[in-house]
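Just follow the structure's listing: the first ligand is 1, and inside any ligand the first atom is 1. These values consider heavy atoms only, across backbone and side chains, with no hydrogens, waters or symmetry-generated copies.
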Amino acid sequence: MSEERFSPGLAGVIAGETSIACVEQGKLLYRGYAIADLATTCTFEEVAYLLLNDELPSAKQLQGIKDKLAKYRPLRSEILDALRRTPKDTPMMDVLRSMVSYTGHFDPVKGEGEEADRERAIWLTSQIGAIIAARFRLMNGNEPIEPMDGLSHAAQILYQCHGEVPDPLAAELIDLTLVLYAEHDFNASTFTARVICSTMSDLTSAITGAIGALKGPLHGGANEAAMEMLCKFKSGDEAKAWITNALANKEKVMGFGHRVYKNGDHRADILEGKLRKLAHQLGEETWLDIYDAIRHPMVHEKHIFPNVDYPCGLTYYLLGLPLDLYTPLFVASRITGWSAHFLEQSIDNRIYRPLSIYVGHGERKVPPIDER
Ligand code: SDX
């Protein structure tokens with residue numbers, strides 16, 4: 001009996017071993033640390049170091065990665081010029097895909113191999129944050145601004161977007177989303193990065209491909225799509241009427257469901273608690289009515305739970321961020337997980353080449369053109 005079996009979307013298929021994240025209904029671990037523990041005790045910089053090095057940083061090592069992020073943050077004039085020339089209506093995810101690929105021509109890290117790629121990952125992490133902010137400024141008719149010393153990566157992105165030191169709560173919430181989004185084993189964009197790595201291609205190519213995969217609304221694009229959905233309603237009653245109809249028509253509701261989590265996404269639970277506090281602090285309880293009007297029937301009638309993208313969309317919205325920035329912020333975080341997987345794939349590599357079942361025409365003769 002042949003061992004090959006066909007599974008749409010590779011559902012249930014084990015495509016590799018990893019020591020980076022454990023993604024199960026019962027737990028989500030980054031390098032052995034529970035996400036709830038990391039979310040309450042670590043910053044994004046600490047988590048980025050952990051993913052890339054398999055250990056949490058000491059104070060000295062943490063300062064080291066912060067110094068590297070600062071060193072790599074300034075954008076070259078070629079990148080700024082290209083951002084200016086990119087058509088105004090180009091979505092930020094498309095801009096990121098192009099700019100990450102283009103910035104690869106100015107890669108400042110010399111050499112190949114694990115250490116060089118680990119350094120490249122930090123360079124790209126910093127560049128992506130700066131590209132998002134510079135594009136945001138240009139889109140709003142403002143000039144990009146230089147980074148400010150001493151800010152966290154999350155605060156620096158907000159500062160370079162708005163030109164003012166961000167409110168501490170906003171910086172803290174963005175940092176939390178960067179921690180929650182950083183890594184999630186063999187999701188579609190990470191698997192894309194690993195496939196590209198498996199041909200012995202380069203890190204910048206793998207990250208460019210991963211950005212393309214993450215853009216889709218079935219994957220990272222869901223945080224924008226979920227917020228677009230919520231923006232259609234002015235009240236919980238309006239949302240309730242809509243979801244009743246949507247479920248009757250078997251529509252896909254963005255921000256819900258997951259291939260692995262069938263009883264809830266650990267990250268959504270963590271972020272939802274912060275979202276509810278933020279909404280109350282801002283007096284935005286109507287948004288919670290709308291949020292819960294969609295959430296309730298999905299959980300209690302369809303038994304389909306929110307994934308991280310559902311609370312993230314409304315969190316970013318209440319922080320005043322435009323929808324076009326939501327999936328790019330997912331990229332700003334997941335670049336660390338993608339890079340960790342690139343390094344892991346490089347160490348013990350076999351090129352990915354799955355099989356397929358041929359369902360096309362039976363063999364046939366080529367007719368001369370005047371008989372076609
Ligand atoms: C992310 O893989 C990762 O880890 C991804 C991610 C990460 O950190 O990298 O967690 C980030 O991408 C989260 C997912 C964001 N996407 C969305 O919110 C889009 C909406 N979700 C669905 O498209 C879906 O739930 C997926 C894509 C997330 C999961 O797809 P699966 O595992 O292939 O599930 P499925 O489509 O086979 O659904 C199983 C059943 C179906 O019903 P039947 O057709 O069998 O009757 O559940 C239904 C689906 O219709 N269903 C939904 C639904 N999700 C599943 N019905 C309505 N709305 C939904 N959101």
Can you tell me how far the CG atom of Leu80 sits from the CE atom of Met99, to the nearest 0.5 Å?
-> 9.5 Å
Hey, what do you get for CG (Asp117) to CG (Leu343), rounding to the nearest 0.5 Å?
-> 6.0 Å
Examine ligand 1 and decide if any of its atoms is less than 4.0 Å from a heavy atom belonging to Glu251.
-> yes
Given Asp265, Val308, Leu28, Ile304, which has its nearest heavy atom closest to atom 52 (C) of ligand 1?
-> Ile304
Could you say whether the N/O atoms of Asp309 and ligand 1 ever approach to under 3.5 Å?
-> no
Is there any N or O on His219 that sits under 3.5 Å from an N or O of ligand 1?
-> yes
Side chain, backbone, both or neither: the part of His303 lying under 4.0 Å from ligand 1 by heavy atom | neither
Using atom types as modelled and distance alone, determine if a side-chain donor or acceptor of Arg97 lies under 3.5 Å from a backbone N or O of Gly212.
-> no
Is the closest heavy-atom distance from Pro217 to ligand 1 below 4.0 Å?
-> yes
Met254 N/O to ligand 1 N/O under 3.5 Å = no
Does any N/O atom on Phe330 come nearer than 3.5 Å to any N/O atom on ligand 1?
-> no
What pair of heavy atoms forms the shortest contact from Ile351 to Thr199, and how long is it?
-> CD1-CG2, 3.9 Å
Val253 heavy atoms, cut-off 4.0 Å: which ligand 1 atoms fall inside?
-> 20 (C), 57 (C), 58 (N), 59 (C), 60 (N)
Return the residue, atom name and 0.1 Å-rounded distance of the protein heavy atom closest to atom 2 (O) of ligand 1.
-> Asn187 CB, 3.4 Å
Would you call Lys262 a ligand 1 contact, heavy-atom distance under 4.0 Å?
-> yes
Distance-only N or O hit between ligand 1 and Phe256, under 3.5 Å = yes
Under a single-linkage definition using a 4.5 Å side-chain heavy-atom cutoff for Ile, Leu, Val, Met, Phe, Trp and Tyr, are Ile132 and Leu180 assigned to the same hydrophobic cluster?
-> yes
Run down the list Leu218, Val23, Thr190 and name the one with the heavy atom closest to atom 16 (N) of ligand 1.
-> Leu218
